[in-house]
Amino acid sequence: MQQDTKPWYKQLWPWILIAIPVATALKAVHSVYIMQQHTPDLVVDDYYKEGRAINMRLAKYREAALRNLDARVLIAGDSAIIRFAENTVLEGAIHLDFYHTTLAERDFALDAERSGELLYVAKLPITPTGKWQLVVSDASRDWKLRATLELPVETEIKLGY
């Protein structure tokens, strides 16, 4: 029987056994790097302040209900058209906030100009697709209406309180 006299570092098996923990360590470092590059947007640091802010927002929706505002939104390509049901006393422009449900960097805000008696029209900077939250308010932010949009859609969506 012939004996193998090569030193250990010239053998294949020790290097295979060393490669497993080294690959695991490299994967762990890579995972930590990815986690630091893509921090979550939905984490809140101060829940007390966030709760107070939620109560303030709910008061704005109640104000829209007291004013009996009824509106619908249609997203057609790169335009947003808001149609109110009746001629309420509204200013020359209304404010639109589009919030992406998971990616905060895609959020945007713009103003819609009055186009006739009951219509407001705004040009969107992008053609939104997927799930969005839309908040409509007047320029002074006294009231708010909201809707959840699953885009693209071909029908009008009712804005609620």
Side-chain angles (χ1 to χ4, degrees), residues 22-161:
V22 169
T24 304
L26 290 175
K27 180 60 181 163
V29 169
H30 181 255
S31 296
V32 168
Y33 173 76
I34 288 176
M35 287 188 304
Q36 289 187 353
Q37 294 298 320
H38 303 287
T39 57
D41 295 326
L42 304 176
V43 175
V44 176
D45 288 334
D46 190 352
Y47 290 102
Y48 178 71
K49 282 184 182 178
E50 186 67 21
R52 286 182 32 206
I54 288 170
N55 288 338
M56 300 270 297
R57 284 189 293 243
L58 291 176
K60 307 237 182 224
Y61 295 123
R62 284 192 292 272
E63 180 64 28
L66 289 173
R67 292 183 185 201
N68 202 20
L69 294 174
D70 183 23
R72 297 184 177 277
V73 63
L74 175 65
I75 307 295
D78 65 345
S79 296
I81 304 163
I82 292 89
R83 181 178 56 86
F84 284 87
E86 59 185 53
N87 187 6
T88 57
V89 180
L90 295 172
E91 300 167 6
I94 57 175
H95 187 74
L96 307 176
D97 290 308
F98 283 84
Y99 301 106
H100 194 272
T101 54
T102 57
L103 303 173
E105 68 267 6
R106 295 189 67 192
D107 296 351
F108 62 93
L110 57 119
D111 290 327
E113 297 295 325
R114 179 173 254 170
S115 176
E117 186 83 11
L118 302 172
L119 292 178
Y120 289 83
V121 178
K123 282 285 188 198
L124 304 176
I126 61 169
T127 303
T129 58
K131 192 170 185 178
W132 292 80
Q133 298 288 329
L134 171 63
V135 177
V136 177
S137 62
D138 61 340
S140 62
R141 308 286 200 284
D142 289 334
W143 55 266
K144 289 184 178 182
L145 295 171
R146 63 184 165 191
T148 300
L149 310 173
E150 188 70 44
L151 300 173
V153 67
E154 296 179 9
T155 60
E156 288 183 328
I157 298 169
K158 182 172 176 34
L159 293 168
Y161 306 117

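All values below were derived from every heavy atom in this structure, side-chain atoms included, with hydrogens, water molecules and symmetry-related copies excluded.
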Partners meeting side chain to side chain donor-acceptor pair (under 3.5 Å) with Gln133 (sequence neighbours left out): Thr148

message: Could you work out, with salt bridge (Lys or Arg N to Asp or Glu O under 4.0 Å) as the rule, every residue matching Glu156, not counting sequence neighbours?
response: Arg83

task: Could you pull out all residues at least two apart from Val29 that satisfy side-chain contact (heavy atoms from CB on, under 4.5 Å)?
output: none

query: Among all residues two or more places apart in sequence or in another chain, which pass the side-chain contact (heavy atoms from CB on, under 4.5 Å) test with Lys27?
result: His30, Ser31

message: Which heavy atom of Ala122 sits nearest to which heavy atom of Leu96, and what is that distance?
response: CB-CD1, 3.8 Å

message: Return the CG to CD1 distance between Leu74 and Ile82, rounded to the nearest 0.5 Å.
response: 9.5 Å

- request: With rounding to the nearest 0.5 Å, note down the distance linking OG1 in Thr155 to CD1 in Ile157.
  value: 6.0 Å

task: Would you give the length of the straight line joining atom CD1 of Ile81 to atom CZ of Arg72, rounded to the nearest 0.5 angstrom?
output: 14.5 Å

task: Could I get the full list of side-chain contact (heavy atoms from CB on, under 4.5 Å) partners for Ala64, not counting sequence neighbours?
output: Leu69, Trp143, Leu145, Tyr161

message: Which residue is it: Glu63, Arg57, Arg62? I am looking for the one with a side-chain contact (heavy atoms from CB on, under 4.5 Å) to Lys144.
response: Arg57

- request: Go through the structure and list residues passing salt bridge (Lys or Arg N to Asp or Glu O under 4.0 Å) with Asp78, not counting sequence neighbours.
  value: Lys123

query: Which residue pairs pass the ring pair (Phe, Tyr, Trp, His ring centres under 6.0 Å) test when at least one of the two sits in residues 118-137, sequence neighbours left out?
result: Phe84-Tyr120, His100-Trp132, Phe108-Trp132

- prompt: Side chains of Val73 and Leu149: closer than 4.5 Å at any heavy-atom pair?
  reply: yes

task: Side-chain contact test, heavy atoms from C-beta onward, threshold under 4.5 Å: evaluate it for Ile75 versus Leu124 and give yes or no.
output: yes

message: Taking salt bridge (Lys or Arg N to Asp or Glu O under 4.0 Å) as the definition, give me every residue that meets it alongside Arg52, ordered by chain and number, with sequence neighbours left out.
response: none

- request: Identify, with sequence neighbours excluded, every residue that meets side chain to side chain donor-acceptor pair (under 3.5 Å) alongside Ser140.
  value: Asp138, Asp142

- line: Hits for side chain to side chain donor-acceptor pair (under 3.5 Å) against Lys131, two or more places apart or cross-chain, chain-then-number order -> none

message: Checking Val32 against Met35 for the side chain to side chain contact (heavy atoms under 4.5 Å, CB included) test, could you report, in this order, the C-alpha distance in whole Å, the side-chain angles of both residues, the deciding distance, and whether it holds?
response: CA-CA 5 Å; Val32 168; Met35 287 188 304; 4.2 Å; yes

- prompt: Any idea which heavy atoms bring Ala147 and Lys158 closest together, and the distance?
  reply: CB-O, 3.8 Å

- line: Hits for side-chain contact (heavy atoms from CB on, under 4.5 Å) against Ala109, two or more places apart or cross-chain, chain-then-number order -> His95, Asp97

field: Considering all heavy atoms, the nearest Pro128-Gly77 contact
entry: CD-O, 4.4 Å

